[in-house]
Number of protein chains: 2
Amino acid sequence: MNDVLLSGALDASEKGRIRQDNEAIILPAAEQVFARYGFRGATMQQIADAAALPKANLHYYFGNKQTLYLRVLENILHDWLSPLEAISARADPKTALAEYVGRKITFSFSRPAASKLFANEILQGAQVVHPLLKRDLRQLVAEKAHILDGWIAAGKLRTLDTTHFFFSVWSMTQTYADFDIQIAAVSGEEMTSEAAQTRATAHVLSSVWRICGLE
Amino acid sequence: MNDVLLSGALDASEKGRIRQDNEAIILPAAEQVFARYGFRGATMQQIADAAALPKANLHYYFGNKQTLYLRVLENILHDWLSPLEAISARADPKTALAEYVGRKITFSFSRPAASKLFANEILQGAQVVHPLLKRDLRQLVAEKAHILDGWIAAGKLRTLDTTHFFFSVWSMTQTYADFDIQIAAVSGEEMTSEAAQTRATAHVLSSVWRICGLE
DNA sequence: GTCTATATCTAGATAGAC
DNA sequence: GTCTATCTAGATATAGAC
């Protein structure tokens with residue numbers, strides 16, 4: 001007799017492994033669906049279909065829709081924020097900005113669903129991430145803006161509003177993910193090809209440099 | 001006896017007036033709710049509550065949710081597009097761009113819900129407006145990019161990708177509506193004050209001018 | 001740990017009295 | 001033209017056999 005099959009009993013490590021595997025299937029599926037419809041518009045059934053699992057399994061692993069949404073959002077936040085590391089006081093301004101813009105736009109092209117989910121979250125009131133924006137992101141931007149102000153004082157950059165500068169860079173880079181459909185429709189080509197992405201990156205980087213008086 | 005009250009009969013002009021009045025109450029309420037939750041996330045009950053009318057009245061005036069959404073979106077599209085009029089071949093480049101950026105950012109500050117609804121529509125797949133983007137908007141942008149290319153050829157502007165330039169200007173200006181919550185959280189102030197809006201406009205305009213080599 | 005069947009609630013939409 | 005009551009479909013969530 002096979003007790004494992006009959007009773008469903010699994011030893012601790014096996015149980016953990018199965019859970020890990022299934023969560024790794026469910027979370028990306030949920031990211032896609034939440035990205036497209038927002039929290040309220042997304043349905044557990046759609047996510048289940050995208051993951052090719054019965055709907056009940058999602059509840060077994062995540063309890064409820066809200067928790068699943070939180071888990072997906074957590075995974076995104078780190079990757080959304082990490083490009084800011086490129087801006088450090090010691091770095092060369094032009095190189096640092098190139099790395100920052102490059103990492104932001106690479107995120108848009110490689111994980112458009114993640115960017116869209118974040119956009120939906122903010123657009124729909126930032127119910128979940130508002131505390132994080134108000135504390136952590138505000139603090140982080142203040143630090144990085146201070147570094148830019150230092151570069152301006154040292155005559156390395158033209159004068160500009162360094163806080164609004166970040167709003168501009170975020171929007172110019174994220175638009176390639178969030179508004180990809182509009183961009184494809186207007187430009188007449190999908191931005192999936194290497195060449196198209198290189199062209200977009202060159203345009204944004206050149207724009208950012210010009211804003212800073214570096215070109 | 002008052003036949004009007006008892007039978008509900010109204011003469012044609014009165015019927016039209018009541019309809020006009022009620023639609024004028026329902027449409028802005030619908031704009032707010034669709035902007036916040038997208039088409040699928042929004043509920044007719046929420047819209048009814050926002051309009052302070054029974055839910056059945058929405059169906060009486062608009063038939064169904066889809067039609068109501070279409071009517072709201074139609075009202076937005078014209079105002080979203082019209083700033084492009086500022087770009088004309090005969091205009092002075094610096095003045096034309098100032099007017100264009102000014103009108104785009106004014107739209108963001110004066111009608112944030114309209115901008116958000118449009119953003120949600122694109123973000124969630126552009127189910128409704130995709131044909132319009134692919135035909136009308138593409139054509140319009142091609143014309144305006146051609147004008148900018150002419151200015152570049154005439155040495156009035158620095159070399160730049162004039163199509164991607166529009167993606168950048170749209171994103172930089174619309175971010176003040178679509179991501180207003182993030183901007184308020186990070187900058188520490190609501191962008192509702194005259195002074196804050198003037199500062200944002202100055203930053204974006206100056207950035208656009210620098211991208212074009214006009215400053 | 002899986003998955004069918006189901007309970008419960010809320011959505012869009014309509015009927016019909018007023 | 002208004003609005004309560006209600007229909008039906010589809011949503012989240014759970015029970016319970018396997």
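Order of the sequence lines sets the chain letters (A, B, ...), proteins ahead of strands, with each chain counted from 1.
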Using a 3.5 Å cut-off and no angle test, enumerate the donor-acceptor pairs between side-chain atoms of residues 193-204 of chain B and protein atoms at least two apart in sequence or in another chain.
from   : atom 1 : to     : atom 2 : distance (Å)
B:S193 : OG     : B:A196 : N      : 3.1
B:Q197 : NE2    : B:M191 : O      : 3.0
B:T198 : OG1    : B:E194 : O      : 2.9
B:R199 : NH1    : B:E189 : OE2    : 2.9
B:R199 : NH2    : B:E189 : OE2    : 3.4
B:T201 : OG1    : B:Q197 : O      : 2.8
B:H203 : NE2    : A:H164 : O      : 3.3
B:H203 : NE2    : A:S168 : OG     : 2.8

Check your understanding: Which is true for A:Y61 with a 4.0 Å heavy-atom rule: it touches a base, it touches only sugar-phosphate, or it touches nothing?
Key ->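 Answer is sugar-phosphate: A:Y61 comes under 4.0 Å of backbone atoms only.
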Practice item. Output the distance between atom OG1 (A:T192) and atom CZ (A:F109), rounded to the nearest 0.5 Å. Key: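 A:T192 atom OG1 to A:F109 atom CZ measures 9.5 Å (nearest 0.5 Å).
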Under 3.5 Å, which donor-acceptor pairs link side chains of residues 112-119 of chain A to any protein atom two or more places apart or in another chain?
from   : atom 1 : to     : atom 2 : distance (Å)
A:S115 : OG     : A:D178 : OD1    : 2.8
A:K116 : NZ     : A:D180 : OD1    : 3.2
A:K116 : NZ     : A:D180 : OD2    : 3.0

Point to revise | Residue list, side chain to side chain contact (heavy atoms under 4.5 Å, CB included) with B:N75, at least two apart or on another chain | key: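 B:L27.
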Pairs under 3.5 angstrom only: tabulate donor-acceptor contacts from the side chains of residues 78-86 of chain B to other protein residues two or more places apart or in another chain.
from  : atom 1 : to     : atom 2 : distance (Å)
B:D79 : OD2    : B:R111 : NH1    : 2.4
B:W80 : NE1    : B:Q174 : OE1    : 3.1
B:S82 : OG     : B:R103 : NH2    : 3.4

Restricting both atoms to N or O, compile the protein contacts to nucleotides 11-14 of chain C shorter than 3.5 Å, with distance only.
from   : atom 1 : to    : atom 2 : distance (Å)
C:dG12 : OP1    : B:A42 : O      : 3.4
C:dG12 : OP1    : B:M44 : N      : 3.2
C:dG12 : OP1    : B:K65 : NZ     : 3.2
C:dG12 : OP2    : B:M44 : N      : 2.8
C:dG12 : N7     : B:K55 : NZ     : 3.1
C:dA13 : OP2    : B:H59 : NE2    : 3.3
C:dA13 : OP2    : B:K65 : N      : 2.8
C:dA13 : N6     : B:K55 : NZ     : 3.1

To the nearest Å, how far apart are [X] [atom1] and [N] [atom2]?
X     : N      : atom1 : atom2 : answer
A:N57 : D:dA15 : CG    : P     : 16 Å
B:I26 : D:dT2  : CD1   : P     : 8 Å
A:L53 : C:dT4  : CG    : C1'   : 15 Å

Run the side-chain donor-acceptor check on residues 136-143 of chain B: report pairs under 3.5 Å with partners two or more places apart or on a different chain.
from   : atom 1 : to     : atom 2 : distance (Å)
B:Q139 : NE2    : B:E143 : OE2    : 2.9

